[in-house]
Amino acid sequence: MASIWEYANPRKFMTTSEVVLPWTVGIAAIATIGGLIWGFFFTPDDFRQGATVKIIYLHVPTAVMAINAWLMMLVASLIWLIRRHHVSALAAKAAAPVGAFFTAIALFTGAVWGQPIWGTWWEWDPRLTSFLILFLFYLGYIAMWEAVENPDTAADLTTILCIVGSVFAIISRYALDFWNQGLHQDRFALFDGESDVSPVFAWPLVTCLTGFGFLFVALVLYRTRTEIRARRLHALLAQERLS
Amino acid sequence: MTLKVTDLSVGRGGIRLLSGVNFALVPGQALVLRGPNGSGKTSLLRCLAGLTPPLAGRIEMAEDAIALAGHADGIKAQLSVAENLQFWAAMFGSANIRPALEAFDLIPLATRRAGELSAGQKRRVSLARLLVTGRPIWCLDEPTVSLDTENVARFAAAVTAHLATGGSAILATHIDLGFAAETLDIRQFATPREAQQNTDPFAWDAAQ
Amino acid sequence: MTLKVTDLSVGRGGIRLLSGVNFALVPGQALVLRGPNGSGKTSLLRCLAGLTPPLAGRIEMAEDAIALAGHADGIKAQLSVAENLQFWAAMFGSANIRPALEAFDLIPLATRRAGELSAGQKRRVSLARLLVTGRPIWCLDEPTVSLDTENVARFAAAVTAHLATGGSAILATHIDLGFAAETLDIRQFATPREAQQNTDPFAWDAAQ
Amino acid sequence: MKAVIARDLRLAFRAGGGFGLALAFFLIAVTLVPFGVGPDTDTLRTIAPGILWLGALLACLLSLDRIFQLDWEDGTLDALATAPLPFEALAFAKAAAHWLTTGLPLVLAAPVLAVMLNLAPAAFPWLIGSLLAGTPALSALGTFGAALTVGVKRGGLLMSLLVLPLYVPTLLFGALTVTRAMGGFDALTPLAFLAGLTLATLAVMPFAAAGALRVNLR
Amino acid sequence: MKAVIARDLRLAFRAGGGFGLALAFFLIAVTLVPFGVGPDTDTLRTIAPGILWLGALLACLLSLDRIFQLDWEDGTLDALATAPLPFEALAFAKAAAHWLTTGLPLVLAAPVLAVMLNLAPAAFPWLIGSLLAGTPALSALGTFGAALTVGVKRGGLLMSLLVLPLYVPTLLFGALTVTRAMGGFDALTPLAFLAGLTLATLAVMPFAAAGALRVNLR
Ligand code: HEM
Ligand SMILES: Nc1ncnc2c1ncn2[C@@H]1O[C@H](COP(=O)(O)OP(=O)(O)OP(=O)(O)O)[C@@H](O)[C@H]1O
Ligand SMILES: Nc1ncnc2c1ncn2[C@@H]1O[C@H](COP(=O)(O)OP(=O)(O)OP(=O)(O)O)[C@@H](O)[C@H]1O
Ligand SMILES: [Mg+2]
Ligand SMILES: [Mg+2]
């Protein structure tokens, strides 16, 4: 019977992802664009914040995905560490720039948002700062991949880095809370009784969240395929040399 | 203290270089690896020393049996020759370094800064380290490089003495070692092209 | 293009090693320096190449005539073999590197990262650099180290070709170079003890 | 293990080994700050704890590349790999040696600089305490970073990129201890956190570092 | 000379060469400051110019050891000594390459960080201007320091000791330009001084560096 691990075989992965990719792209496109349009043009302005509240449709999804991206990298790295599936290592490598990109957008939109709300572009608020640190971890992780020639060595080193980094990212988050009490919006539950976001805002937000989720998956799939092709090229060249 | 290698295959940089390597090294035996540049001698020695994990096959020997002397000297320029050897003696828990110094005529250089030694003098220091380790199996990568004839003779004497006391040695070289030993041409283990493929998961159905 | 050395004395680390070195190197001539470890071959070559100023004596030759290949390879690990040679070609204003690559059979390795080469392969790259410099006088310090017989032959061919085109070479070595050349034993220039003293201004009336 | 520490200390004392260099860097870096931010004493006093901690941190950082790089380049690590000493112990010994040659001197020198930045006298013991409790973690994390980047030529900059984010919690708690002490608030809690963090780091880091080393030696 | 610059740039872009690392370090170093001195916006604003300049300075410093050390270790310098290119030109080329891979990126990134330390908008052009005028001097002085310490194994720390004092005037005028612009005073005079200083440095430094190199090669 077919075990899930078969998909970790590069060849199998290429064939499967070829089929899956278009669908994810499609859903991502529809949900993201739809959600954003819905959010931007078909929701009333917020009574306190006015039109600026609409940034939330970019800001929150990117922010949430930025964190999930790192989690996905962690999982992929662990799979590589335990089962030595090359594809999962490459998937982690492929996810890093995407995650960094989302983080950057979350920070940027946040900054743009903070301008009208807090009257300043940047606050050393724990939430914001911890995201900045997350961004730094992304940079380090990417740099490590770049720096090491041998792909397997790089995969192992980045795995160790990713694990240690995750631990310290969490520690610093708590350290930061201890350091400075923030202005930033707390985590909120979207649909419980005393929700601070009325369903009017909530539904398009949920659409955007799903949209960005699929967008992430699509991007990672795409980049993983590229990485695999690069590795294949490398392998084939290596063989040319030997004959 | 025998070293037994069965169906070993060795890789470097994601490429399988050698496969089906089989040999045994018994106490008192010296084995010389021969092969053209880039054939995989260094890689094989590093694999035996446990630095690179083998791609396949088994290496059977006692724990902590191997001492390695590679292309690089492993000498600290700031320390004197004696201090360098003392450090290794401490690491391998052997008592005095005097015999090692004498074996390679390093007594006159003992107090010199290792950084101020000539190529051949450095080489002698790194060879003296082998005696200090007290390990039975020596893995030597081109040990006689930049040694003059006199010191090649010293090296040969040291190796034969080591063999006489039940030690063994496996050496990679292109030049004369100063003593007779059976040679193992590693070209016979060079990986054929079709075997090459299935080592790398990314090289599926490559054109032959 | 003759290199003329008169009454040269060479030091290293504040010690006078060689004194009264006299020899001439005419186009088409190759001179092999022989001497035990630590006798001063490398120091002499570095002095001829103008890296260390001579303690005394004269070195007469044309400007920019010398190319040096020392113990160290002078190769950038991150660059490919071809890129390494191209850099040197640009530095010495010579046009194409292809002949150099061919002379040492480096065409198959041209696109490889230099860091991933074996000892002998690295050596070949650093020897190929000599051809790229287009300099008439080669100073080579143990050029054939860790080369297999086949590549020693290539090296010999390269040198003889260089000599045939009016070039000259001075080589330090302990091992076979693959071609015949007159040798210069530098032990005859070793500084006697009494001469030793008055070089160092702080060593006045030391015990004989 | 003692042998490794002893050798590293000796190397540090030898020419070019640079014992006390970290100290000197600490001094210079901190003295440069007034040039940058201007001589106003109140500003200096307020930022003193942060500056001192940042200075110590950078001084540590700059001496990290000594930890493994040389041993790797000259083949010593290859030989050590075949030695009976496990890499975990090696990593720990290296971290210890680094702290003795870098962290400890910084702790001793900090008060002098604190005077220059006229830190509030009440905060002095807390400064020393926090540095004592914090710097070992800096050395341990640095050893890990050094082990990760040992294969990379001139990995110094890359290493700092990897290590500095790991330094954040230590820096936060360390500086916070002093600032709070200066303001007369409870400084014990952050100090406790700091100590705990350091102990945890010391316990775990050798294994991570050893893993990285093994990978890099392949 | 072009060949040297081209090669150094290529090396910088290659794996492990670490292009953009200086940038990342700059980012981190500046980010760490608030952790040290506390999140208070006003304090940060006042010290912003100094911090930005110090950050740039340290980022330069950390990338200096790449300049000559590797070429020395692998024998490239020996070979270059016999090449027709004089050491003066070599030193200049090295400095130029270092600035292109380090100084220039810093200049471009500074505004972003200035926002985070909420520097007064009026001072932005002056920040960029002063960095543009100042960083070449940092690279040139750094090249000199690198040439002096090329013989010393892991001379990184020693080099920073030698170089940092040389950096003081540049730092002074650079930070002063921005602070004054922030305070609304005349910032042109320090900027002019800075530019003059840089030009003088660029004119003289290659010769000093070349001399140091020759001595170290003996
Ligand atoms: C009043 C203005 C703001 C509001 C209402 C707001 C709201 C939110 C919300 C609802 C989230 C999602 C929380 C979650 O993940 O569950 C979020 C996340 C985030 N926001 Fe904002 N934000 C604001 C301003 C800012 C600003 C100025 C920044 C500065 C860059 C910023 C940066 C972030 C970051 C980094 C996250 C992700 C943190 C996380 O999810 O843990 N936000 N924000
Ligand atoms: N670090 C490395 N990464 C990738 N490939 C490498 C590396 N080192 C060597 N190789 C390649 O592996 C092959 C074997 O190298 P190895 O050093 O084992 O050969 P060798 O027999 O020792 O050669 P020599 O006689 O020149 O020392 C060579 O083709 C070389 O190009
Ligand atoms: N950097 C240095 N500083 C001080 N003394 C040195 C230095 N390098 C070499 N020496 C000493 O100078 C003498 C000559 O060294 P040199 O390298 O010229 O000898 P060599 O003939 O090349 O020896 P080998 O055949 O081993 O290469 C030796 O005694 C050595 O100890
Ligand atoms: Mg070899
Ligand atoms: Mg020599």
Side-chain angles (χ1 to χ4, degrees), chain C residues 10-14 42-43 45-55 61 63-80 82-94 113-116 122-123 125-127 129-130 132-139 141, chain E residues 1-21 63 65-94 96-98 101 147 150-153 210-218:
Chain C
V10 178
R12 193 82 179 267
T42 300
S43 308
L45 289 176
R46 290 180 66 86
C47 184
L48 292 177
L51 295 180
T52 41
L55 295 179
M61 60 173 161
E63 266 292 293
D64 288 348
I66 279 201
L68 174 74
H71 283 301
D73 285 333
I75 296 173
K76 287 276 160 263
Q78 293 104 315
L79 300 182
S80 77
E83 285 168 336
N84 269 292
L85 288 178
Q86 266 143 9
F87 167 68
W88 289 112
M91 287 305 294
F92 287 86
S94 69
R113 266 184 75 255
E116 299 183 344
K122 282 207 185 86
R123 196 77 208 157
V125 176
S126 66
L127 290 175
R129 198 188 67 222
L130 291 169
V132 162
T133 61
R135 289 289 177 84
I137 305 176
W138 290 357
C139 289
D141 201 347
Chain E
M1 196 154 141
K2 273 221 270 10
V4 176
I5 300 183
R7 187 202 63 159
D8 279 15
L9 291 184
R10 184 182 274 132
L11 281 174
F13 281 103
R14 282 298 156 84
F19 173 78
L21 281 182
S63 47
D65 62 348
R66 299 165 167 281
I67 295 184
F68 289 119
Q69 195 69 26
L70 280 174
D71 287 352
W72 188 75
E73 283 168 5
D74 65 14
T76 307
L77 264 186
D78 292 352
L80 279 172
T82 64
L85 184 76
F87 270 165
E88 286 73 10
L90 178 68
F92 189 84
K94 285 283 189 178
H98 180 262
T101 51
V150 72
V152 184
K153 286 220 171 262
L213 280 180
R214 290 207 183 80
V215 173
N216 273 324
L217 276 187
R218 288 230 189 93

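Predicted model, so just to flag it, every value in this text is computed and none were measured.
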Check: E:P84 and C:E63 side chains under 4.5 Å, non-hydrogen atoms: no

- prompt: With side chains defined as the heavy atoms from C-beta onward, is the minimum distance between E:L80 and C:W88 less than 4.5 Å?
  reply: yes

Top contributor to chain E contacts, counting heavy-atom pairs under 4.5 Å, from [options]:
options	result
C:P53, C:A90, C:A67, C:A49	C:P53
C:Q86, C:R12, C:M91, C:E83	C:E83
C:L68, C:D73, C:L79, C:I66	C:L79

message: Return the CG to CD distance between E:L70 and C:Q78, rounded to the nearest 0.5 Å.
response: 7.0 Å

- prompt: Does any heavy atom of chain C fall under 4.5 Å from the side chain of E:L77, the backbone, both, or neither of them?
  reply: neither

Chain E heavy atoms under 4.5 Å from [X]: which part of the residue, side chain, backbone, both or neither?
X	value
C:D64	side chain
C:R113	neither
C:I75	backbone

message: Would you say CZ of E:F87 has more than 12 non-hydrogen atoms from neighbouring residues, nucleotides or ligands within 6.0 angstrom?
response: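 More than 12 within 6.0 Å, yes.
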
task: Return the minimal non-hydrogen interatomic distance between E:T76 and C:K76, and the atom names on each side.
output: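 Nearest pair, atom of E:T76 first, then C:K76: OG1-NZ, 3.6 Å.
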
